Amino acid sequence: MPPWHADSQFGAFRNDARLSQADIATLDKWIKTGAKLGNEADLPPAREFPNGWVLGEPDYVIDLDAVDVAADGPDKFPNLKAKLNLPEDRWIRAIEVQPSAKRAVHHVFARITGADGKIGGQIGAYVAGSGPTVFPEGTGRLVKKDQEIVAQAHYHSFGTPVTDKTRIGLYFAQGDIKHESVALAVMNTKFKIPAGAKNYEVTANYTFDQYALITNLGPHMHQRGTDMTITAVFPDGNKQTLVKSNWNPDWDISYALAQPIVAPKGTRLELVAHYDNSADNPRNPDPTKDLVFGTDEMMIGFIDYLVDREK
């Protein structure tokens with residue numbers, strides 16, 4: 001079972017993976033009594049994933065270029081590009097990013113290009129501990145028929161050479177789409193974390209220019225990150241901590257809110273992250289090095305929110 005890093009004092013989440021105390025007590029008793037097999041007739045049927053797809057066969061599959069990952073060496077951060085070739089613009093109800101060499105893949109962020117050719121919003125992602133992105137009923141994310149998908153990937157060596165061939169599956173929406181799901185990346189790209197800094201703070205913020213419903217929160221850092229807090233400051237001055245999460249780069253968890261947070265126009269998101277660039281951090285490959293945004297370290301809050309298409 002995956003870990004859970006969000007502070008229980010803040011927020012309620014649909015994908016909360018924590019066990020209840022009753023479940024923990026049951027497991028503890030089972031282990032102490034020999035971990036015996038129960039009645040096999042009570043086992044649930046085995047789950048099947050057609051061609052490896054958790055959500056079943058997609059309506060449209062994007063094949064990304066293969067990436068070779070050596071047995072040893074520095075991490076790789078390629079931008080893998082693929083052009084859509086759809087007959088028309090489509091709303092998608094779900095997206096699944098499926099690497100073939102998952103042990104070598106830290107993350108793949110699938111983003112779309114805008115009309116100006118710049119990399120735009122995220123439509124889906126693969127990170128350790130995550131599953132497919134499924135949008136709520138009546139909501140979706142729009143892709144243009146000839147847009148380019150840019151998959152920002154992060155590969156790391158683990159002692160065995162492998163080749164990854166990532167696929168992206170799109171599942172088209174049917175019926176009326178009342179709300180558009182928008183992907184936002186709130187980030188600070190100008191920080192510099194001094195060598196040896198024990199608890200260095202980096203902040204970022206974003207102000208909504210329209211009414212929005214916040215649905216998902218995804219803190220993202222690299223090896224020196226320790227925690228991130230995302231707070232909403234509403235136009236009336238009230239504040240609400242949406243999530244306070246410890247950071248573990250091996251489990252890049254995204255937090256799906258149990259109920260959307262209403263963010264009126266003018267609501268400001270404040271992100272505060274901390275980093276341990278000292279020799280006390282066992283994940284730190286080089287505590288003598290100053291760090292800037294990029295391959296060494298990141299400070300991003302991935303935020304999904306809904307907007308009303310009729311307003």
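Given the structure is predicted, the values throughout are model-derived calculations rather than measurements. All values below were derived from every heavy atom in this structure, side-chain atoms included, with hydrogens, water molecules and symmetry-related copies excluded.
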> According to a 4.5 Å side-chain heavy-atom criterion applied to Ile, Leu, Val, Met, Phe, Trp and Tyr, with indirect links allowed, do Trp30 and Leu19 form part of one hydrophobic cluster?
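Yes, one cluster joins them.
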> Tell me every residue that passes side chain to side chain contact (heavy atoms under 4.5 Å, CB included) with Thr288, counting only those two or more places apart in sequence or in another chain.
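So Thr288 forms a side chain to side chain contact (heavy atoms under 4.5 Å, CB included) with Asp286.
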> Minimum heavy-atom separation for Lys76 to Asp68, with atom names?
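Shortest heavy-atom contact: NZ-O, 2.7 Å.
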> Is there side-chain contact between Ile24 and Gln21, with at least one heavy-atom pair below 4.5 Å?
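The answer is yes, as the side chains (C-beta and beyond) meet within the 4.5 Å cut-off.
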> Might you point out which heavy atoms bring Asn216 and Ala256 nearest each other, and give the distance in Å?
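Shortest heavy-atom contact: OD1-CA, 3.2 Å.
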> How many angstroms lie between atom NZ of Lys32 and atom CG of Leu27, to the nearest 0.5 angstrom?
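CG of Leu27 is found 12.0 Å from NZ of Lys32.
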> Ignoring hydrogens and angles, tell me if any N or O in the side chain of Asn205 forms a donor-acceptor pair with the backbone of Leu269 under 3.5 Å.
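Checking the backbone N and O of Leu269 against the side chain of Asn205, no donor-acceptor pair under 3.5 Å is found.
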> To check you understand the geometry: which heavy-atom pair defines the closest contact between Thr267 and Ala232, and what is its length?
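Result for this residue pair: CG2-CB, 4.3 Å.
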> Between Ile177 and Gly140, which heavy-atom pair has the shortest distance, and what is it?
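Scanning both residues, the minimum pair turns out to be CG2-N, 3.8 Å.
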> Are side-chain heavy atoms of Leu217 and Leu257 found at a separation under 4.5 Å?
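In short, these two side chains touch, coming nearer than 4.5 Å.
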> Whether Lys289 and Asp296 form a salt bridge (side-chain N of Lys/Arg under 4.0 Å from carboxylate O of Asp/Glu) is what I want to check.
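A salt bridge is present here (some side-chain N lies under 4.0 Å from a carboxylate O).
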> Determine the minimum heavy-atom distance between Gly52 and Glu96, stating which atoms define it.
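Minimum heavy-atom contact is O-OE2, 3.9 Å.
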> Is the shortest side-chain heavy-atom distance between Asp59 and Leu170 below 4.5 Å?
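The answer is no; the side chains never approach within 4.5 Å.
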> What's the separation between atom CG in Asn79 and atom CZ in Arg111, rounded to the nearest 0.5 Å?
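Spacing of CG (Asn79) from CZ (Arg111) equals 9.5 Å.
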> Going through the checks in order, is the side chain to side chain contact (heavy atoms under 4.5 Å, CB included) test met by Phe10 and Val243?
CA-CA 6 Å; Phe10 306 103; Val243 68; over 6 Å; no
> Supply the atom-to-atom distance Arg90 CZ to Leu84 CG, rounded to the nearest 0.5 angstrom.
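Between Arg90 CZ and Leu84 CG, I get 12.0 Å after rounding to 0.5 Å.
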> Please check if atom NZ in Lys190 has more than 12 non-hydrogen atoms from other residues, nucleotides or ligands closer than 6.0 Å.
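No - once you tally the heavy atoms of other residues, nucleotides and ligands closer than 6.0 Å, there are 12 at most.
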> For residues Leu306 and Val262: do they belong to one hydrophobic cluster (side chain heavy atoms under 4.5 Å, members Ile, Leu, Val, Met, Phe, Trp, Tyr)?
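Yes.
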> Under a 3.5 Å distance rule, please check whether His106 uses its side chain to pair with a backbone N or O of Pro249 as donor and acceptor.
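Yes; at least one donor-acceptor contact below 3.5 Å.
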> Has Asn15 got a side-chain atom pairing as donor or acceptor with Ser254's backbone, closer than 3.5 angstrom?
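Yes.
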> Hydrophobic cluster membership, with links at side-chain heavy-atom distances under 4.5 Å among I/L/V/M/F/W/Y: are Val233 and Tyr206 in one?
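Val233 does not cluster with Tyr206.
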> Could you state whether Tyr60 and Ile168 fall into the same hydrophobic cluster, counting links through intermediate Ile, Leu, Val, Met, Phe, Trp or Tyr residues with side-chain heavy atoms under 4.5 angstrom apart?
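Same cluster.
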> Name the orientation class of the two ring planes belonging to Phe13 and Tyr255 (parallel below 30°, tilted from 30 to 60°, perpendicular beyond 60°).
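Tilted.
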> State whether the side chain of Lys265 and the backbone N or O of Ala212 hold a donor-acceptor pair below 3.5 Å, judged by distance alone.
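It does not hold such a pair.
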> Let me see the working for Asn199 and Asp276 under side chain to side chain contact (heavy atoms under 4.5 Å, CB included), right down to the final yes or no.
CA-CA 5 Å; Asn199 191 39; Asp276 184 355; over 6 Å; no
> When you measure from the centre of the six-membered ring of Tyr275, is the NZ or CZ of Arg224 under 6.0 Å away and within 45° of the axis?
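No, Arg224 does not sit over the ring of Tyr275.
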> Donor-acceptor check, side chain of Asn284 to backbone of Ala279, threshold 3.5 angstrom: yes or no?
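No, the answer is negative, given that no donor and acceptor are paired below the 3.5 Å cut-off.
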> Looking at the rings of Phe158 and His156, which for Trp means the six-membered one, are their centres under 6.0 Å apart?
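Ring centroids of Phe158 and His156 are no less than 6.0 Å from each other.
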> How far apart are the C-alpha atoms of Trp247 and His274, what are their side-chain angles, what is the distance that settles it, and do they pass the ring-ring contact (aromatic ring centres under 6.0 Å, His included) test?
CA-CA 9 Å; Trp247 172 252; His274 294 98; over 10 Å; no
> Please round to the nearest 0.5 Å and tell me the distance separating atom OG1 of Thr133 and atom CZ of Phe135.
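Output value for this atom pair is 6.0 Å.
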> Do any N or O atoms from the side chain of Asp304 and from the backbone of Ala183 form a donor-acceptor pair under 3.5 angstrom?
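Pair absent, no side-chain N/O of Asp304 close to backbone of Ala183.
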> Only counting residues at least two apart or in another chain, list the ones meeting ring-ring contact (aromatic ring centres under 6.0 Å, His included) with Tyr155.
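None.
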> Find out whether Leu271 and Thr231 are in side-chain contact, i.e. whether some heavy atom of one side chain is under 4.5 Å from a heavy atom of the other.
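The answer is no; the side chains never approach within 4.5 Å.
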> Is there side-chain contact between Val292 and Glu297, with at least one heavy-atom pair below 4.5 Å?
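SC-SC contact between Val292 and Glu297 ruled out.
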> Output, in order, the C-alpha distance, side-chain angles, deciding distance and verdict of ring-ring contact (aromatic ring centres under 6.0 Å, His included) for Tyr305 and Phe208.
CA-CA 10 Å; Tyr305 65 92; Phe208 287 100; 5.1 Å; yes
> May I ask you to test the Phe172-Trp91 pair for a side-chain heavy-atom distance under 4.5 Å?
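No, their side chains stay 4.5 Å or more apart.
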> Before we go on, tell me: are the rings of Phe191 and Tyr200 under 6.0 Å apart, centre to centre?
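Not under 6.0 Å, so no.
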> The criterion is salt bridge (Lys or Arg N to Asp or Glu O under 4.0 Å); which residues satisfy it with Asp75, sequence neighbours excluded?
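Asp75 satisfies salt bridge (Lys or Arg N to Asp or Glu O under 4.0 Å) with no residue once adjacent residues are dropped.
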> Out of curiosity, Asp227 CG to His5 NE2, how far, rounded to the nearest 0.5 Å?
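Between atom CG of Asp227 and atom NE2 of His5 there are 12.0 Å.
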> Using every non-hydrogen atom in the two residues, find where Ala101 and Thr163 come nearest and quote the distance to one decimal.
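Minimum heavy-atom contact is CB-O, 4.0 Å.
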> Answer yes or no: is there a donor N or O on one side and an acceptor on the other, between the side chain of Asp164 and the main chain of Ser100, under 3.5 Å?
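Indeed, once roles are kept as given, a pair shorter than 3.5 Å links the two residues.
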> How about CD on Gln259, more than 12 heavy atoms from neighbouring residues, nucleotides or ligands closer than 6.0 Å, or not?
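Counting other residues, nucleotides and ligands, CD of Gln259 stays at 12 neighbours or fewer.
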> Counting N and O atoms only, with roles assigned by atom type, does the side chain of Thr189 sit under 3.5 Å from a partner on the main chain of Phe293, one being a donor and the other an acceptor?
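No; zero donor-acceptor contacts below 3.5 Å.
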> For Asp308 and Lys178: C-alpha separation, side-chain torsions, deciding distance, then whether salt bridge (charged side-chain N to carboxylate O under 4.0 Å, His left out) applies.
CA-CA 6 Å; Asp308 193 330; Lys178 296 182 179 180; over 6 Å; no
> For Ala273, does its backbone N or O pair with a side-chain atom of Glu201 as donor and acceptor, under 3.5 Å?
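Looks like no, no N/O pair under 3.5 Å.
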> With a 3.5 Å distance limit and no angle check, can you tell me whether Lys165 reaches the backbone of Leu64 through a side-chain donor-acceptor pair?
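Yes; at least one donor-acceptor contact below 3.5 Å.
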> Grouping I, L, V, M, F, W and Y whenever their side-chain heavy atoms are under 4.5 Å apart, do Phe109 and Val186 come out in a common cluster?
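The answer is yes; both residues are in one hydrophobic cluster.
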> Evaluate the side chain to side chain contact (heavy atoms under 4.5 Å, CB included) criterion for residues Tyr171 and Ile92: first the C-alpha distance (whole Å), next the side-chain angles of each, then the deciding distance (0.1 Å), finally the verdict.
CA-CA 5 Å; Tyr171 299 82; Ile92 58 173; 6.0 Å; no
> Look up atom CG in Leu142 and atom CD in Gln147, then write down how far apart they are to the nearest 0.5 Å.
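Spacing of CG (Leu142) from CD (Gln147) equals 7.0 Å.
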> Please determine, by modelled atom types, if Ser20 and Asp23 share a side-chain donor-acceptor pair under 3.5 angstrom.
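Ser20 vs Asp23: donor-acceptor pair found between side chains.
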> Measure the shortest side-chain to side-chain distance between Val143 and Asp89 over non-hydrogen atoms and say whether it is less than 4.5 angstrom.
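No, side chains not in contact.
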> Can you find a pair of side-chain heavy atoms, one from Arg141 and one from Ile112, that are under 4.5 Å apart?
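In short, these two side chains do not touch, never coming nearer than 4.5 Å.
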> In sequence, state the C-alpha distance, the side-chain angles, and the governing distance for Met228 and Met221, and then conclude on side chain to side chain contact (heavy atoms under 4.5 Å, CB included).
CA-CA 9 Å; Met228 184 183 291; Met221 297 180 278; 4.1 Å; yes
> With under 30° as parallel and over 60° as perpendicular, where do the rings of Phe302 and His220 fit, or are they tilted in between?
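Answer is tilted, since the angle falls between 30° and 60°.
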> Ignoring hydrogens and angles, state whether a donor on the side chain of Ser157 or Asp72 is under 3.5 Å from an acceptor on the partner side chain.
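The criterion, which ignores hydrogens and geometry beyond distance, is not satisfied for Asp72 and Ser157.
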